[in-house]
Amino acid sequence: GNSVTQMEGPVTLSEEAFLTINCTYTATGYPSLFWYVQYPGEGLQLLLKATKADDKGSNKGFEATYRKETTSFHLEKGSVQVSDSAVYFCALDMGRRALTFGSGTRLQVQP
Amino acid sequence: DAMVIQNPRYQVTQFGKPVTLSCSQTLNHNVMYWYQQKSSQAPKLLFHYYDKDFNNEADTPDNFQSRRPNTSFCFLDIRSPGLGDAAMYLCATSGWTSGRQETQYFGPGTRLLVL
């Protein structure tokens with residue numbers, strides 16, 4: 001079946017540090033890949049997506065590249081802010097029904 | 001500007017007392033989903049509607065029901081809430097193009113507390 005594996009958190013960084021949150025996937029086929037962000041007490045917001053191999057999704061300084069050869073979609077940001085503190089979910093979609101989510105990675109950014 | 005709206009944002013109910021959560025959308029999407037998210041976990045799909053067709057996940061308890069009276073609205077009914085049903089409930093919507101689901105957009109969620 002399909003699955004998504006994320007690095008465990010929490011990830012604690014100082015403001016302006018470089019961020020990487022690893023995400024790898026297993027899928028029978030060619031999924032679309034997503035990063036969603038969840039701020040405390042809120043629902044999920046779409047952060048970025050990529051629909052085919054080598055696509056790069058980007059938004060608000062965050063980037064992720066769809067790597068088919070390594071089945072990965074790692075999230076990166078060059079300089080994090082305190083306001084980026086949230087839980088980040090990697091997810092895949094086979095275009096049929098439900099998203100398959102990773103377990104989420106909590107990011108804490110300290111001033 | 002809100003696209004997926006959930007009401008209320010917080011709901012308190014008593015053990016065994018039926019409760020209804022609501023979701024509405026302004027995106028005219030034909031697919032609507034209900035997810036349950038417990039603390040520090042990933043969202044878990046309960047069921048979804050493709051237009052008027054209801055699709056239940058195999059492991060969704062019978063205690064959970066849903067109604068979709070029109071394209072814009074979808075309701076989650078919990079017939080007899082137990083303490084284990086306390087969670088965040090997320091509604092999401094997506095379009096469907098050329099036999100493929102489009103991006104899912106989530107509402108802000110309703111946090112349910114069962115006393």
Side-chain angles (χ1 to χ4, degrees), chain A residues 1-11 21 23 25 27 29-52 55 57-59 64 66 73 85-108, chain B residues 1-10 21 23 25 27 30-50 53-60 87-113:
Chain A
N2 303 323
S3 66
V4 176
T5 302
Q6 286 182 240
M7 61 189 291
E8 289 199 18
V11 173
I21 300 179
C23 170
Y25 68 90
Y30 303 99
S32 294
L33 300 172
F34 304 84
W35 278 100
Y36 284 87
V37 57
Q38 187 173 34
Y39 298 101
E42 299 292 326
L44 274 68
Q45 297 178 25
L46 178 66
L47 182 59
L48 53 85
K49 68 177 184 180
T51 57
K52 61 183 187 297
D55 270 2
S58 61
N59 185 27
Y66 188 141
F73 193 55
S85 299
V87 180
Y88 292 81
F89 289 95
C90 184
L92 70 81
D93 167 25
M94 292 302 298
R96 288 192 289 273
R97 198 177 53 177
L99 290 168
T100 299
F101 285 96
S103 55
T105 302
R106 181 175 299 278
L107 171 65
Q108 297 173 338
Chain B
D1 290 327
M3 297 184 291
V4 184
I5 302 159
Q6 290 189 243
N7 287 305
R9 295 292 309 275
Y10 299 92
L21 310 181
C23 176
Q25 54 135 338
L27 298 164
N30 54 354
V31 192
M32 294 187 77
Y33 309 80
W34 279 104
Y35 289 83
Q36 179 192 63
Q37 185 183 25
K38 296 192 174 179
S39 182
S40 302
Q41 296 183 19
K44 176 180 179 299
L45 183 67
L46 295 173
F47 26 60
H48 74 280
Y49 274 94
Y50 178 77
D53 292 334
F54 177 71
N55 298 271
N56 201 27
E57 292 300 296
D59 56 354
T60 298
M88 173 80 91
Y89 289 89
L90 298 167
C91 175
T93 74
S94 70
W96 192 275
T97 303
S98 302
R100 188 174 177 90
Q101 177 185 289
E102 297 176 350
T103 301
Q104 288 191 30
Y105 292 94
F106 285 79
T110 295
R111 184 166 295 283
L112 177 68
L113 181 62

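Convention: sequence-line order gives letters A, B, ...; per-chain numbering from 1.
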As an exercise: rank G107(B), G109(B), P43(B) by heavy-atom pairs under 4.5 Å with chain A and give me the winner. P43(B)
Do we see a donor-acceptor contact under 3.5 Å between the side chains of Y25(A) and T100(A)? no
Is Q38(A) close to chain B through its backbone or its side chain, or both, or neither, when contacts mean heavy atoms under 4.5 Å? side chain
Looking at residues at least two apart in the chain, or sitting in another chain, which of them share a ring-ring contact (aromatic ring centres under 6.0 Å, His included) with Y50(B)? W96(B)
Is there a side chain to side chain contact (heavy atoms under 4.5 Å, CB included) between Y35(B) and L99(A)? Walk through the geometry before answering. CA-CA 10 Å; Y35(B) 289 83; L99(A) 290 168; 4.0 Å; yes
Would you mind checking which part of Q37(B) comes under 4.5 Å of any heavy atom in chain A, side chain (CB onward), backbone (N, CA, C, O), both or neither? side chain
With a 4.5 angstrom heavy-atom cut-off, could you sort out which part of Y39(A) is near chain B: side chain, backbone, both or neither? neither
Report the residues that fulfil side chain to side chain contact (heavy atoms under 4.5 Å, CB included) with L113(B), sequence neighbours left out, ordered by chain and then residue number. V12(B), L115(B)
Does any heavy atom of chain B fall under 4.5 Å from the side chain of L46(A), the backbone, both, or neither of them? side chain
Using 30° and 60° as the class boundaries, would you call the ring planes of W35(A) and F73(A) parallel, tilted or perpendicular? parallel
